[in-house]
Amino acid sequence: MSALVKSRGAFIVLEGCDRVGKSTQVLRLLEALTEAGVPNKVLKFPDRTTSIGKHIDAYLRRKLELPDKAVHLLFAANRWEVEGEMKSDLLSGQTLVVDRYAYSGVAYTAAKKVAPLWWCKAPDIGIPAPDVVFYLKLPAKVAEQRDVYGDERYEQVGFQQEVEQQFEALRGPQWIELDASRNIESLHKDILAKALEVIRAVDRQPIGELWTDDAVVQSSS
Ligand code: DGP
């Protein structure tokens, strides 16, 4: 007898460079989903509270030096350590709203030009795939003026421009690009409308796996 497919939650990711307004939109979306009666949970990567996350935090604050490839694997491990929890939350009907995901993982390391794209993607192959990715796009020079960059490792205009280029190469069918220079409310309205559409659509669909059928990964194996 085949198992009954229960109604599941949607996996929603917000991506983009530093200071494009992701966290504000994540918060607005959560409030609106709660108001609409949609069970939801927020996740943020990197999650700096776990033991792996504490190393990442020290690295980002320049308190710890690590080789680029090693830190890449730590960021990926920080996502894999909650894979089981993400799946059970989704299957129990909770919609996940996630601030950054594996796309940041690939874009930030690829921007350093230390490894080819397939290598950057490899550690995240098979991790749960988002049902929709809202990519907030804003030129790095504008982002910098919005909110002054701090002391963290990647907060430099030149590097952010490289990251932006790498994000462009990661677009997939679930990818929705949004102009992040628009005002907060109009951006929120668009994100909410699409999110509600996706929540209704994925209801009984299985959870996907990221990059298992990716052409770049397949051609290099
Ligand atoms: P945030 O807490 O969202 O400001 O992210 C911290 C910084 O870490 C930010 O500059 C983006 C970067 N980052 C996020 N995820 C990853 C990742 O998986 N790999 C790398 N190398 N950097 C990441």
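Sequential numbering from 1 along the given sequence is applied to the chain's residues. Both counts, for ligands and for their atoms, begin at 1 and track the order of listing. Worth saying up front: this structure is predicted, and the values here are computed from it rather than measured.
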Engineer: Is L14 close to Y101 at the side-chain level, that is, under 4.5 Å between some pair of heavy atoms?
Structural biologist: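 Side chain of Y101 against side chain of L14, heavy atoms only: no contact under 4.5 Å found.
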Engineer: Under 4.5 Å between side-chain heavy atoms, chaining through other members, with only Ile, Leu, Val, Met, Phe, Trp and Tyr counted: pull out the rest of the cluster around V157, sorted by chain and number.
Structural biologist: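 Y149, listed by chain and number.
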Engineer: Test of understanding: with side-chain hydrogen bond (donor to acceptor under 3.5 Å, both in side chains), list the residues that count as partners of Q145, not counting sequence neighbours.
Structural biologist: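 Per chain and number, Q145 pairs via side-chain hydrogen bond (donor to acceptor under 3.5 Å, both in side chains) with no residue.
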Engineer: Using ring-ring contact (aromatic ring centres under 6.0 Å, His included), reason through Y103 and W175 one step at a time and then give a plain yes or no.
Structural biologist: CA-CA 11 Å; Y103 308 93; W175 199 257; 5.2 Å; yes
Engineer: Kindly tell me which protein residues have any non-hydrogen atom under 4.0 angstrom away from an atom of ligand 1, grouped by chain and ordered by number?
Structural biologist: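 Contacting ligand 1 under 4.0 Å are D18, K44, P46, R48, L60, F75, R79, R100, S104, G105, Y108, T109, Y154.
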Engineer: With sequence neighbours excluded, what pairs up with Q160 under the side-chain hydrogen bond (donor to acceptor under 3.5 Å, both in side chains) test?
Structural biologist: D18
Engineer: Between E15 and R171, does any NZ, NE, NH1 or NH2 come within less than 4.0 Å of an OD or OE carboxylate oxygen?
Structural biologist: no
